[in-house]
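Notes follow once the structure below has been shown.
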Amino acid sequence: MRIIRTIREMQQQAEAWRRSGEVIVLVPTMGYFHAGHLALMRHARSLGTLVGVSLFVNPTQFAPTEDLTSYPRDFDRDRRLAEEVGVDFMFVPEAGAMYPSGFQTQVEVTELTRPLCGATRPTHFRGVTTVVAKLFNIVKPHAAVFGRKDYQQLMAVQRMVRDLNMEVTVVGHPIVREADGLAMSSRNQYLTPDQRRRALVLSAALDRARQVFAGGEVRSAVLIEGVREAIGKVPEVRLDYAELRDPETMAALERIDRPALLAIAAFVGKARLLDNVVLTPSA
Ligand code: AMP
């Protein structure tokens, strides 16, 4: 597996690969790989001839109060895991090269990034779409794979690609979970064993909502109240939001008469964790 560290080398190599007919598939990441990342890489393999992973803890998507400096990092382990799943190259740029002095351009998807995570982290998605646009220009992928755990992020990237006529196919991948249901996340690393047990309420509450919905309940307020109640009972878990939204536009939904995204975020100790499920009415 080749490690590429400079933007210039990456762009020249990508151009050469494209000219020789390779189909490049990119998996953008912030590293500290878990089975979710590896599943995205395996899926990427089925979409093209060359799989690349970018590893960049992007400073502009963190607010000053957030965990940029403590974000878990282990390059040697990440390199080994990526190599084991057959990744062809890793692009690992320096922050100073991605954001040299004088940098001042932002890519912002204005509407669908406002609610949910955007309400709590107002500058986050602008940082994400800007860095993803840069990565697309540098790695020149034909396709890119993103996880549905970060559902709003996936939708923002798809919207950006459509709005800016980028020639990249953005593919979503299902949420990969631990055996007990917890959605995998690099930030699960922050949890103490007690918090790890308590964090299970996130996936359990979504599961319960899915059952209540399957039993005929379609009112958002009722489904959300159930989630709030379940999470409210667990010490050390503080709900940030639980909302039902249109899965594409992120518009609020009063009732589920079409597919609906039930998304939650909660603080558990030092970690802010996300989870979601799409509820689809049967025909
Ligand atoms: P990150 O390194 O956290 O920025 O994640 C890199 C990519 O992996 C993003 O597209 C995430 O949505 C995706 N991802 C992270 N955790 C999971 C998971 N548990 N299941 C599926 N995709 C995931």
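The residues of the chain are indexed from 1 along the displayed sequence. A quick note: this is a predicted structure, and the numbers were derived from the prediction, not measured. Just follow the structure's listing: the first ligand is 1, and inside any ligand the first atom is 1.
Residues satisfying the side chain to side chain contact (heavy atoms under 4.5 Å, CB included) criterion with A16, sequence neighbours excluded, are Q13, R19.
In terms of polar-atom proximity, P28 is not counted as a contact of ligand 1, lacking any N or O under 3.5 Å from an N or O of the ligand. On a distance-only criterion, F146 and ligand 1 share no N/O pair closer than 3.5 Å.
Residue pairs meeting the salt bridge (Lys or Arg N to Asp or Glu O under 4.0 Å) criterion with at least one member in residues 247-271, sequence neighbours excluded: D246-R258.
A donor and an acceptor atom, one from each side chain of Y241 and T120, are nowhere located under 3.5 Å apart.
Relative orientation of the F136 and F146 rings is perpendicular, given thresholds of 30° and 60° on the angle between their planes. Classification of the H34-H37 ring pair by plane angle, with boundaries at 30° and 60°, yields tilted.
In terms of protein heavy-atom proximity, atom 5 (O) of ligand 1 is nearest to H37 NE2, 3.4 Å. Nearest protein heavy-atom neighbour of atom 10 (O) of ligand 1: G147 N, 2.9 Å.
Across V176, V132, L40, L182, heavy-atom proximity to atom 8 (O) of ligand 1 is greatest for L40. The residue from D275, N188, V145, D150 that puts a heavy atom closest to atom 11 (C) of ligand 1 is D150.
Using modelled atom types, one side-chain atom of Q195 and one backbone atom of T192 make a donor-acceptor pair closer than 3.5 Å.
In the vicinity of H34, heavy-atom distances shorter than 4.0 Å reach the ligand 1 atoms 15 (C), 16 (N), 17 (C). In the vicinity of P174, heavy-atom distances shorter than 4.0 Å reach the ligand 1 atoms 20 (N), 21 (C). Each of the following atoms of ligand 1 lies closer than 4.0 Å to a heavy atom of I175: 20 (N), 21 (C). Which parts of ligand 1 touch M30 is read off a 4.0 Å heavy-atom cut-off, strictly below it: atoms 1 (P), 2 (O), 4 (O).
Heavy atoms from both the backbone and the side chain of M184 come within less than 4.0 Å of ligand 1.
The shell of residues lying under 4.0 angstrom from ligand 1, judged by heavy atoms, excludes A35. Within the structure, the closest approach of R177 to ligand 1 does not fall below 4.0 Å when heavy atoms are considered.
When the shell of 6.0 Å around CD of Q12 is examined, it contains more than 12 heavy atoms from other residues, nucleotides or ligands.
Of the candidates V234, L273, V227, L239, L273 is the only one forming a side chain to side chain contact (heavy atoms under 4.5 Å, CB included) with L202. Each of L261, L206, I175 was evaluated against V277; a single residue qualifies, L206, per the side chain to side chain contact (heavy atoms under 4.5 Å, CB included) test.
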